[in-house]
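Just below is one structure, and these are the notes that go with it.
Excluded from the calculations below are hydrogen atoms, water molecules and symmetry mates; all remaining heavy atoms, backbone and side chain alike, are included. Computed from a predicted structure; not experimentally measured.
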Amino acid sequence: MAFGEQPAYLRVASDLREKIVNGSLPPHTRLPSQARIREEYGVSDTVALEARKVLMAEGLVEGRSGSGTYVRERPVPRMVERSGFRPEAGAGPFRQEQAADGVRGTWESRSEQEGASAEVAARLGIEPGDRVMRTHYVFREAGEPVMLSTSWEPLAITGRTPVMLPEEGPLGGCGVVERMAAIDVVVDNVAEQVGARPGLAEELLALGGVPGHVVMVVERTFYASGRPVETADVVVPADRYRVGYRLPVR
C-alpha cells in the first residue's frame, strides 16, 4: 500500500458512509450483504466484514438478530444549553439540564451514602473514604431516557440537615444553589469541564445506545467561597446532543 493510501476496508466504509449521508441508503434500509459488498467492490470477505464493523462502530448501522444490518435513523442533534445558574429556571435539576427551551421531561433518582472514591474526593477537596451522598439521575423526554447524571455532596456539609437527600424533604427537587442557601451555604461559583469518551456498557444500555458509541461528559462542580459543595457528571449521547455555552461578558 502506497504512502497515504487508505486500506481497502476504509475505502469501502467511506463509500458506504457517503451513501448513508446523502440518502442513497436511507434509514431502515438494509445494508448490502457481505457477499454483495465483496462483489461490488472487488474485495475479500475480510475487507467487507471490516468495512461493516467500521460503520457499526460509527453508529451509522445496527445489526438486527436474524435479519441483517440496517441503516440507523440519524437523530438531529439538539443543544444542551450551559449558562450557569438561572434563577428563572425554577426548581428541579431537569430544568437546569434539559436540552431545549419548551421541552418538558421527567426524571427518576436514587440516593445513597458511600465513601468517596479518590477521584470524587479530589474534586470535592475531601479525603478518600469520607462520606458523601451519591445521587444517580435518569432524565426522560416522552418516556425515553436522554441524559444521565451522578452527583456527590459531602455529608460534612449536608449531613443531618433538611437538604441531605437532594430529592426528598422540604426542598426536594430544587437545585444545588437553592438547597445550599437553605443551610446558609452561599454558592458563588461553578466550574465545568467537557470531555468525550466511549460510553460505559451500563450507560449505553440506559440511553439506548450501541457498544462503541461516544458520550459527552460534563464534569460540573459548585463552590461556596472556594469550597466544593457538590460535583456531578452529566452524560449525554454525542450523536444526539451538542453542548453550548452562553457566558456573560465582563
Side-chain angles (χ1 to χ4, degrees), residues 1-82 97-100 103 105 138-149 193-219 233-245:
M1 184 173 64
F3 177 77
E5 183 180 350
Q6 279 190 324
Y9 77 96
L10 289 182
R11 294 199 303 273
V12 174
S14 179
D15 188 71
L16 291 171
R17 184 190 304 111
E18 177 62 26
K19 290 179 179 179
I20 292 172
V21 171
N22 68 22
S24 299
L25 288 172
H28 310 298
T29 299
R30 186 173 180 176
L31 195 72
S33 67
Q34 189 168 314
R36 176 73 177 274
I37 292 174
R38 182 190 65 213
E39 295 171 4
E40 182 175 343
Y41 293 94
V43 297
S44 67
D45 279 332
T46 300
V47 169
L49 178 60
E50 290 301 313
R52 289 158 63 91
K53 286 182 178 179
V54 168
L55 298 177
M56 292 190 74
E58 293 175 351
L60 295 174
V61 301
E62 61 184 354
R64 298 180 186 174
S65 180
S67 180
T69 304
Y70 291 80
V71 177
R72 295 182 72 238
E73 186 81 44
R74 299 182 67 211
V76 178
R78 291 170 49 191
M79 189 66 71
V80 178
E81 291 285 355
R82 313 297 298 171
E97 307 285 0
Q98 66 183 349
V103 173
V138 179
F139 299 103
R140 301 179 185 276
E141 291 176 9
E144 295 295 322
V146 295
M147 188 181 304
L148 307 175
S149 180
Q193 297 182 33
V194 182
R197 58 167 172 76
L200 303 178
E202 56 267 29
E203 292 170 339
L204 296 175
L205 180 64
L207 292 169
V210 299
H213 269 194
V214 173
V215 296
M216 290 184 292
V217 182
V218 180
E219 179 185 303
D233 287 337
V234 180
V235 178
V236 294
D239 64 334
R240 288 181 247 167
Y241 292 91
R242 299 289 181 267
V243 178
Y245 283 83

What pairs with Ala201 under side-chain contact (heavy atoms from CB on, under 4.5 Å), at least two apart in sequence or on another chain?
none
Kindly write out the residues that satisfy side-chain contact (heavy atoms from CB on, under 4.5 Å) with Met216, not counting sequence neighbours, or none if the list is empty.
Val236, Ala238, Tyr241, Val243
Could you tell me which non-hydrogen atom of Tyr70 sits nearest to which non-hydrogen atom of Arg64, and how far apart they are?
CD1-CD, 3.4 Å
Gln34 side, atom CD; Thr46 side, atom OG1 - distance, nearest 0.5 Å:
8.0 Å
Distance (rounded to the nearest 0.5 Å) between Ser33 OG and Glu39 CD
7.5 Å
Quick one: pull up CD in Glu144 and CG in Leu207 and give me the separation to the nearest 0.5 Å.
11.0 Å
Criterion side-chain contact (heavy atoms from CB on, under 4.5 Å) against Arg52, the qualifying member of Ile37, Val61, Val47, Val12:
Ile37
Counting N and O atoms only, with roles assigned by atom type, does the side chain of Arg72 sit under 3.5 Å from a partner on the main chain of Glu62, one being a donor and the other an acceptor?
no
Non-neighbouring partners of Ser14 that pass side-chain contact (heavy atoms from CB on, under 4.5 Å), sequence neighbours left out:
Arg17
Taking every non-hydrogen atom, the tightest pair across Ser44 and Arg38:
C-CG, 4.2 Å
Point-to-point distance, once rounded to the nearest 0.5 Å, from CG of Leu60 to OG1 of Thr69
12.5 Å
Hits for side-chain hydrogen bond (donor to acceptor under 3.5 Å, both in side chains) against Arg240, two or more places apart or cross-chain, chain-then-number order -> none
Closest approach of Glu73 and Pro27, non-hydrogen atoms and distance?
OE1-CB, 3.7 Å
Name the one of Val235, Leu200, Val217 that satisfies side-chain contact (heavy atoms from CB on, under 4.5 Å) with Leu148?
Val235
Which heavy-atom pair separates Ser149 from Phe139 by the least distance, and what is that distance?
CB-CE1, 3.6 Å
So Glu58 and Val54, do their side chains get closer than 4.5 Å, heavy atoms only?
yes
Might you point out which heavy atoms bring Val43 and Ala48 nearest each other, and give the distance in Å?
CG2-N, 4.2 Å
Output all residues satisfying side-chain contact (heavy atoms from CB on, under 4.5 Å) with Leu25, sequence neighbours left out; order by chain, then residue number.
Leu16, Lys19, Ile20, Thr29, Leu31, Pro32, Val71
For Ala206 and Pro145 the tightest heavy-atom approach is O-CG, 2.9 Å
Sequence neighbours excluded, which residues qualify as side-chain hydrogen bond (donor to acceptor under 3.5 Å, both in side chains) partners of Arg36?
none
